[in-house]
Asks: 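Following this message is one structure expressed as structure tokens.
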Amino acid sequence: MKRSRFSEERIIGILKEHQAGATAADLCRKLGVSDATFYKWRSKYGGMEVSDAKKLKALEAENAKLKKLLAEQMMDVSTLKEMLGKNF
């Protein structure tokens with residue numbers, strides 16, 4: 001996955017500038033990002049504080065870890081079922 005040039009803290013700071021009155025087009029031009037990127041950031045981080053973004057990142061990491069564990073368990077179960085099916 002491509003790593004972003006901007007940290008969550010920086011993105012939240014940019015969105016606060018927008019809320020303070022800066023236009024989206026000016027911010028995008030200054031930062032060198034597209035309008036789509038800016039609005040994607042706004043939909044994900046809009047109204048958040050830095051601590052909220054850190055919590056979100058931790059929850060996303062935990063969720064990915066749990067999904068991986070679930071997939072491994074499902075593979076183990078299917079392998080066991082397959083082995084039992086061949087024996088009987």
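Numbering of residues begins at 1 and proceeds along the displayed sequence.
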Asks: In plain terms, say whether Lys67 and Glu62 are close enough for a salt bridge, that is, a side-chain N and a carboxylate O under 4.0 Å apart.
Replies: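 Result for this pair is no, no salt bridge flagged.
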
Asks: What's the separation between atom CZ in Phe6 and atom CD1 in Ile12, rounded to the nearest 0.5 Å?
Replies: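 One gets 14.0 Å once the value is rounded to the nearest 0.5 Å.
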
Asks: Drop me the distance from His18's NE2 to Trp41's CH2, to the nearest 0.5 angstrom.
Replies: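 The distance works out to 12.5 Å.
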
Asks: Out of curiosity, Ile11 CD1 to Arg42 CZ, how far, rounded to the nearest 0.5 Å?
Replies: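 Separation between the atoms: 14.5 Å.
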
Asks: Where do Ser34 and Cys28 come nearest, in terms of heavy atoms and distance?
Replies: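 Taking Ser34 first and Cys28 second, the nearest heavy atoms are O-SG, 3.7 Å.
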
Asks: Taking the side chain as every heavy atom from C-beta outward, state whether Asp52 and Tyr45 have any atom pair closer than 4.5 Å.
Replies: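 The answer is no, as the side chains (C-beta and beyond) never meet within the 4.5 Å cut-off.
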
Asks: Is the shortest side-chain heavy-atom distance between Glu49 and Lys16 below 4.5 Å?
Replies: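 Yes, at least one pair of side-chain atoms sits under 4.5 Å.
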
Asks: With side chain to side chain contact (heavy atoms under 4.5 Å, CB included) as the criterion, how do Leu15 and Met48 come out once you've worked through the C-alpha distance, each side chain's angles and the decisive distance to 0.1 Å?
Replies: CA-CA 9 Å; Leu15 293 174; Met48 281 190 181; over 6 Å; no

Asks: Evaluate the side-chain proximity of Leu31 to Phe38: yes if any heavy-atom separation is below 4.5 Å, no if none is.
Replies: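 A side-chain contact under 4.5 Å is absent here.
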
Asks: Looking at Thr79 and Met75, would you say the former's side chain and the latter's main chain have a donor-acceptor pair under 3.5 Å?
Replies: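 Yes, because the side chain of Thr79 sits within donor-acceptor range (under 3.5 Å) of the backbone of Met75.
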
Asks: So Lys54 and Glu9, do their side chains get closer than 4.5 Å, heavy atoms only?
Replies: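 Heavy-atom side-chain distance check passes, below 4.5 Å.
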
Asks: Determine whether Glu8 and Leu56 make a side-chain contact, defined as any pair of heavy atoms from C-beta on separated by less than 4.5 Å.
Replies: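 No, side chains not in contact.
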
Asks: Hey, could you give me the CG/OG distance between Asp76 and Ser78, rounded to the nearest 0.5 Å?
Replies: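 Answer for the CG-OG pair, Asp76 versus Ser78, is 7.5 Å.
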
Asks: What verdict does the salt bridge (Lys or Arg N to Asp or Glu O under 4.0 Å) test give for Glu17 and Lys30, after you've listed the backbone C-alpha separation in whole Å, the side-chain angles of each residue and the deciding distance to 0.1 Å?
Replies: CA-CA 12 Å; Glu17 283 182 51; Lys30 181 175 86 172; 3.3 Å; yes

